[in-house]
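In what follows, a structure is listed as structure tokens, so that the remarks can point back to it.
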Amino acid sequence: MTDKDWRNFGLAVVGLAIAACLPLSGNGYYLTIGVTIAMYVVLATSWALFSGPTHYISLATAAFYGLGTYVVALGIDDVPYIVLLVIALVVGAVSAALVGLATLRLSGVYFVIFTLGLAEMVRQVVTWVQSNWGGHQGNYVLTDITEEIIYWELLALAACVYLAGWLIGRSRLGFALKIIGNDEVVAAHSGINTARSKVLLFMVSGMVASLVGAILAPRWTYIEPSIAFSPMLSFQVVIMALLGGVKRLWGPLVGVIPFTLLWEAVSISFPNQTLLLMGVAFLLIVYTIPHGFVGLLETYSARFRERKG
Amino acid sequence: MDILITGLLLGGIYALMAMGLSLQYGVARIMNLANGEMLVVGAFAAFWFFTVAQLSPLISVFLIAPVIFALNWLIYQFMLLPLVKRAKSQGQLEVDSILATFGMSFILVGLMVAVFGGDYFNYTFLAEPMEILGNTYAANRVVAFLMAMLIGGLLYLWLNHTRPGMAMRAVSVDTEAAGLVGIDVQRMSALAFALGGTVTAIGGGFISTFQTMDASIGILFTMKALIIVIMGGVGDIRGTIVAALVLGLLETFIATVIDPGLTLAAAYLMFILVLLFRPQGFFGRKPS
Amino acid sequence: MARSILSVQNLTKKFGGLVAVNGMTFDVGEHEVLGLIGPNGSGKTTMMNLISGALKPTSGSISLQGTRISDLPAQEINRKGVARTFQLVRLLPSLNVIENVIAGAVFGHRKRWGVEAENYAREMLERVGLQVAGDAPVSTLTYIDQKRLELARVLASDPKILLLDEWLAGLNPTELETGISLIRDLRNDGRTIILVEHVMDAIRSLCDRCVVMNSGTKIAEGTPAEVLADREVIRAYLGDDDA
């Protein structure tokens, strides 16, 4: 590890330690926002791990998240919570692998289309299975897991995601993904198994999303398919990651925090226009800052260096 | 037999809507994720004309069409053309247009919710029974199907037997070569995008005569149209029609025999089969 | 001819009704430089795509040292030691110069990683005579330097066989001289090379043997001097009237 790595590592530890103190403030409102931010940080960062280097836009976050939530909803009465988290992880990884194997061997468009309706499709199937064999539509999730615990769980997961992202960035897999994102034909002709690399990283992002869903499930007391599989979630994750920028590991973080805070304010002031405003925000980002805050920062620092040099 | 005819009737409408998307993707190279919302706009407009002015959807779609055409033309000129110009590669344009049209779809849904509210809407038009081959079907479905076939047929003839239609097909085959033989690619793309949006919206007007809709249902239609276009092969009208009929049949079959709540799952089933076995489309050759 | 390393047997590729490569059979010997020549549209690039695995043959086979490779995907063929350049140079624009070369070294025939890969990549940059900083962005390179960089990437995997698809095309006369002497150096290193080329000077001075294609079939094979004097080859290039 270089000096710079140690410095970043130190910063990350300090940042996490400070963030971990939030529940001590005793303010429930702050904690709720903290949970939301932590959730989106994990989701957007893990989304960017895959979609950043490959430019394959995944809209499947809500599907994996919903699966994780449902694992907990179905098993909470019979299985220890910690085991459910592991199951959610596996379910997320396996379903991401299946989606990846079906679509990632082909052009990127097929992948986007497939993920676009995935959450809705899974919702239909879950609803159908439940109403035919489950006998009821939803499930009660009654646990003694508090908001604080959820928050700390998410922070721990965030730490894991950053660590994983850093390791992948230095690994052959990360390098392979970068080459694939540049030119898939060259990648294949350089000996890279392109489909395998893409599927592996998509699995990472899918299992994290599923785990987040499982961690957040106790927040609801009653879970039904339309709550678990909300397509809005995929959209919000994409928008926040893009706002921050996907070229750096910390990019999504700087997108999530301002956006979540802004969104809190917006959805309180204009509760009926959230969809419209979300669309406007999305277009603003795509048209004005296509590379996010990270891109802006890099442009400015390049200009600054030019002026100095 | 019942399933067969109902499925074909539905498939006919799907064919019309997918032809719209096919024009937008095949010619203008825009993967339009707001396509389904344009369909809902058409449905809303037909609904509005019917409830406010008692105007038959069969007439009102032709009043709506020029407006939708203009709207889509403006969207292409002011929203998508900058992306086309900015993109360094086809891949870049694909990503940008997916993101941009996705944002637009939310804006359209948001606007429709703001104007009409988020409730389901439907109206009664030609709901009398009609007998075909011994079974009865709702007349609105039959009429919608016939109209879709008529418009689809006219579009097909226009594409194959007129100069602008020919030019449009040329752009779809090879953008660069089309430019070299003196076709105004940019104008053709704008035209194709606008025409595609119009065709889809007209399809929406017809669908609204027999199906209950709401502002946020567009994405389901987008999915179905996308799957049909991929299954049929991009830019292949014959393939699109066959794929639409197959999807109409499969969906009707699953809705009747298993559960009406599984229509999207039906579309996915077909999508997966196509991805695994014929990713180049029904009639497509393997890409070289 | 030395011991055969690559053997193409009765290879055919059809695109729908079009037969792009029709029953091609030839061998490439170890340390040999084989020129694949023929008029435009004769199927040379398709042939290269078949060898590198970018396309799958309709029928027939390609074997590398006796093992059949024509069913394998491109990445497997590359790992077995066949590496190629592209007709239109393909670099990785978001990676810098040295990373572009390392990209060839990590996953291919002979795998290297970390410091070893970087050192080897520098060696390859030197080998192709590219004198720019490793962290320079590729957008700053001149055309011949882009071609050099692509060649360095391909060499970085230590391929048994090098496929050069019109690597000399588009160079100006001085660059062409540099380019030819660079390939001659590679030849002197004992590398096995298949090159598709239109530049006749290069073919005469570099190739041990040539295979001439026309409309997808092999019409001649032999030393450059032999094939270039062949009546059928002249007819293929110049048309019936001039023969």
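Every chain is numbered from 1, with letters handed out A, B, ... down the list of sequences.
- For the atom pair CG (Leu111(B)) and CG (Leu276(A)), the distance works out to 5.0 Å, reported to the nearest 0.5 Å.
- Between Phe106(B) and Leu277(A), every side-chain heavy-atom pair lies at or beyond the 4.5 Å cut-off.
- Side chain of Tyr268(B) to backbone of Met121(A): no donor-acceptor contact under 3.5 angstrom is found.
- Contacts between Thr263(B) and chain A at a heavy-atom distance below 4.5 Å involve backbone atoms as well as side-chain atoms.
- Contact record, Ala114(B) with Gln273(A): CB-NE2, 4.2 Å, taken as the closest heavy-atom pair.
- Between Phe102(B) and Phe282(A), the ring planes lie perpendicular to each other; the angle is over 60°, past the 30° to 60° tilted range.
- Counting heavy-atom pairs closer than 4.5 Å to chain B, the top residue among Val109(A), Val122(A), Val280(A), Val125(A) is Val109(A).
- The structure places CE of Met31(B) at 13.0 Å from CD1 of Ile57(A), a figure rounded to the nearest 0.5 Å.
- Val109(B) approaches Leu275(A) most closely through the heavy-atom pair CG1-CD1, 3.5 Å.
- Put simply, CG on Leu264(B) and CD on Gln124(A) are 5.0 Å apart, with the number rounded to the nearest 0.5 Å.
- Two residues are said to be in side-chain contact when any heavy atoms from C-beta on lie closer than 4.5 Å; Leu220(B) and Glu120(A) meet this criterion.
- Using a 4.5 Å cut-off between heavy atoms, Val112(A) contacts chain B through its side chain alone, with no backbone atom that close.
- Between the side chain of Tyr287(A) and the backbone N or O of Pro82(B) there is no donor-acceptor pair closer than 3.5 Å.
- Heavy-atom pairs under 4.5 Å with chain A were tallied for Ala265(B), Ala266(B), Ser216(B); the largest tally goes to Ala265(B).
- Top candidate by heavy-atom pairs under 4.5 Å with chain B, chosen from Val238(A), Leu118(A), Leu284(A), is Leu118(A).
- Put simply, CG on Leu116(A) and CD1 on Ile219(B) are 4.0 Å apart, with the number rounded to the nearest 0.5 Å.
- Partners of Phe259(A) by ring-ring contact (aromatic ring centres under 6.0 Å, His included), not counting sequence neighbours, listed by chain and number: Trp263(A).
- To the nearest 0.5 Å, atom CG of residue Leu33(B) and atom CG of residue Leu59(A) are 7.5 Å apart.
- Contact count against chain A (heavy-atom pairs under 4.5 Å) is highest for Gly103(B) among Gly103(B), Ser105(B), Gly110(B), Gly261(B).
- For Leu262(A), the side chain to side chain contact (heavy atoms under 4.5 Å, CB included) partners at least two apart in sequence or on another chain are Val266(A).
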Are Asp259(B) and Thr127(A) close enough, and set up right, to give a side-chain contact (heavy atoms from CB on, under 4.5 Å), and what steps lead you there?
CA-CA 11 Å; Asp259(B) 190 310; Thr127(A) 311; over 6 Å; no

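- Interface residue Met79(B): backbone and side-chain heavy atoms are both found under 4.5 Å from chain A.
- Both the backbone and the side chain of Leu275(B) come within contact range of chain A, each with at least one heavy atom under 4.5 Å from a heavy atom of that chain.
- For Phe114(A), the parts lying under 4.5 angstrom from a heavy atom of chain B are both the backbone and the side chain.
- Under the side chain to side chain contact (heavy atoms under 4.5 Å, CB included) criterion, Asp96(B) pairs with Leu83(B), Arg86(B), Gln92(B), sequence neighbours left out.
- Interface residues of residues 194-205 of chain A toward chain B, defined by a heavy-atom distance below 4.5 Å: none.
- For Leu242(A), the part lying under 4.5 angstrom from a heavy atom of chain B is the side chain only.
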